[in-house]
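Predicted model only: the values in this text are computed from it and were never measured. Naming convention: chains lettered A, B, ... in sequence-line order (proteins, then strands); numbering from 1 in each chain.
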Amino acid sequence: MKNWKRILSTGLSVALGVTMLAGCGKQGGSDKFYIGGIGPTTGGAAIYGSAVMNAAQIAVDEINAAGGINGYQVEYRFEDDTHDAEKSVNAYNTLKDWGMQILMGTVTTTPCLAVKTETAADNMFQITPSASSEDVISDNDNVYQVCFTDPNQGKKSAQYIDEHGLSESGIAIIYNSSDTYSTGIYTTFKSEAQARGLNIVSDTAFTEDTKTDFSTQIQKAMDAGADLVFLPIYYEAASLILSEADKKGYYPTFFGVDGMDGILTLEGFDTSLAEGVMLLTPFSADAPDAKSFVDTYQAKYKDVPNQFGADAYDAIYIIKAALEAGKATPDMSTSDLCNLMKTQMKTLTYEGGLTGDAMVWDENGAVNKDPKAVVIMNGVYVSAE
Amino acid sequence: MKKLREKMSLPIRKMVHTILGILVVFIVIQILSVTGVLSSSLENLMPELCFYAIIAVGLNLCVGFLGELSIGHAAFMSIGAFTSAAFTNAAADAIPSVGLRFFIGLILGTVMAGLFGFLIGIPVLRLKGDYLAIVTLAFGEIIKGILNVLFIGKDKDGIHIALINSNQESLDPETGKMIVDGAKGIIGTPHATTFTNGVILLILTLVVVTFLVNSRTGRAIQAIRDNRIAAESVGINVTKYKLIGFSISAAIAGVAGVMYAHYVSSLTASKFDFNMSILILVFVVLGGLGSFRGSIIAAVILTLLPEVLRGLSSYRMLIYAVLLIAMMLFNWAPGAIDFRSRLKERFKRRKEERP
């Protein structure tokens, strides 16, 4: 008898607890567009997620101040995923409870691969500012990218180095073998470089656990006599490589990709070490057409926005352009919205973006735009052309 | 009914109560889910709670009963996850039913993790205490490192395995498909982990470990934990029993891994790092060494907490840490234990005083 009472009371308290938790859920109405964002705002990749969160907020505020999309205001909410696939799916479900109709995310690749399965199952329109793996957009038709795909970056880098004759005595590569992004660029860079007859003299890897000491990799590149070091990696590791090379008195040209972006705002990093570093990125904060965005960002968040932020800003405006072209209204179901936007994306040309002019998308969802090479001079990006 | 209850020993009775508790929670959640009260985020969290509870129970067997501190259990989880996910993807054409593939994958993953537990156990279990902990840690890193450079592809000629990215070119371009793609891991594993099969597996795990612990083997395992020399002197084969305990613990971690792989469709080796192993250990320590029920509750609370705290945005990880410290203190600080028992006493007295 006593046991039954106990079981009953456990059951009731579970029900009560769960109902309380569930209470803070569904809010979605039909008078506003609900756009959600997912990315890491804590943990190792926080700098990207925060940039995306803030920049998208600026775009949403601008749109709302200018009268919204098709006359409807936009609600925007960003959830943290700590750069973890499992947490990202949880964040996605939290946003779904909130009433999300369109997803702008996720910021990093590995979580995105988990979330894209969910959005495909729900037929929700998804546009990622910066998850750059090809797998993100393959085998689905509802996911689009604002950034280049990894293979594209590797290929374009090799092409750029070859066409501008940046390397004479050989190229060294240092990449992160435990990272999807890094290996993705590395593989295509290497095959393109070989196809073009570029001379790769040193090819070394590190992993997430050994990214604190780069003396071996630098030494190998030095011994091989490389005059250009290609770094398809994120900026934290790159900053250590730069200071290690400086310690050894080794000054080749360092060539990075978009993950290098952010190195100038890294705390405790001597930016003079980054002088002369070249990187392929679609966005530079000193470009005249980015001025109003950069100023707003600086005024609001006391920081210079990086390329991830610019991608997110564009992503929100791309969503707006597609919704307007399709004359969408918020009372449409998520799936209808998605179908409508998919049709629009086929013909949409997005003009005047921060990260490229006249962006178009192929049937897979990959963007087509021109990369810009920038070089760091006196602590700022300057166009390398 | 009463007779049956008297027949059961205390640990078995405890297990039955825990299972009843799990079932009650399961039924309540199902009712809430059907009536639409439950938010989809909580609904989707349920399988996650199950596999974390399972691995916590598995590690508790190793730490609480075998008395060996393992901080490499995430590696066994990753072995289970990769084995099963590779199978479900590779056999996609041969066996169309996802459920059947999941089931076979579950068996394969569990056996593989258990096998690795056995193989690793042979050299490792000769060590004791801190040394064992360090070696399990190293082992976890090795597995992670290997999975990071492991490439398995499939084409019309069969399966190709390589430890460097060389077989991508050798794959037949028409029919070739990468199954395990190095650092990218395995993507596109179908969803098969549900709350229902999670609860079934959790109950199964609980039954297996409870009966194991209360069997002859289990008593031998605990004897070794309490006093190795005394156990040896009465003729217990220490290596054998340690290996049994360790392998079963690893196999249970494999079950959790299989469930993980079929819950999150993007599986990478870097997820199963040192932090993951420590997280599982935290479940076990917070729940109490040797208490399976405690492990389950701790796993559920600590997995739910970061999600429930989402409303606090950037402060949530800080609050999570503070709450973790508070819970540890409340559970294990001598003063807190004292306070709790006094509180209990008072409640009891009040109940008795009531007419």
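For A:L113 against B:S266, the heavy-atom pair with the smallest separation is CB-CB, 3.5 Å. Nearest heavy atom pair, residue B:R310 against residue A:K87, reads NH2-O, 3.4 Å. Across all their heavy atoms, A:T94 and B:S41 have their closest contact at N-CB, 3.5 Å.
The OH atom of B:Y260 sits 4.5 Å away from the CD atom of A:E86 when rounded to the nearest 0.5 Å. A:C112 contributes atom SG, which lies 11.0 Å from atom CD1 of B:I187 (distance to the nearest 0.5 angstrom). Atom OG of residue B:S39 and atom CH2 of residue A:W98 lie 15.0 Å apart, to the nearest 0.5 angstrom. Atoms OG1 and NZ, on A:T187 and B:K184 in that order, are 7.0 Å from each other to the nearest 0.5 Å. The CG atom of A:N93 sits 9.5 Å away from atom CG of B:L42, with the distance rounded to the nearest 0.5 Å.
Both the backbone and the side chain of A:A91 come within less than 4.5 Å of a heavy atom of chain B. Heavy atoms of A:T207 lying under 4.5 Å from chain B are absent altogether. The parts of A:N90 that come within reach of chain B are both its backbone and its side chain, each placing non-hydrogen atoms under 4.5 angstrom from that chain. Within the 4.5 angstrom heavy-atom criterion, no atom of A:T109 approaches chain B.
Looking at residues two or more places apart in sequence or on another chain, you find no salt bridge (charged side-chain N to carboxylate O under 4.0 Å, His left out) involving B:E43. For A:K211, the side chain to side chain donor-acceptor pair (under 3.5 Å) criterion is met by A:E208, not counting sequence neighbours.
The neighbour count for B:K271 NZ, taken as heavy atoms of other residues, nucleotides or ligands under 6.0 Å away, is above 12.
Using a 3.5 Å distance cut-off with no hydrogens or angles, the side chains of B:N44 and A:E118 do not pair a donor with an acceptor.
Contact count against chain B (heavy-atom pairs under 4.5 Å) is highest for A:D84 among A:D84, A:L95, A:V115. Chain B forms more heavy-atom pairs under 4.5 Å with one residue of A:T42, A:D135, A:T41 than with any other, namely A:D135.
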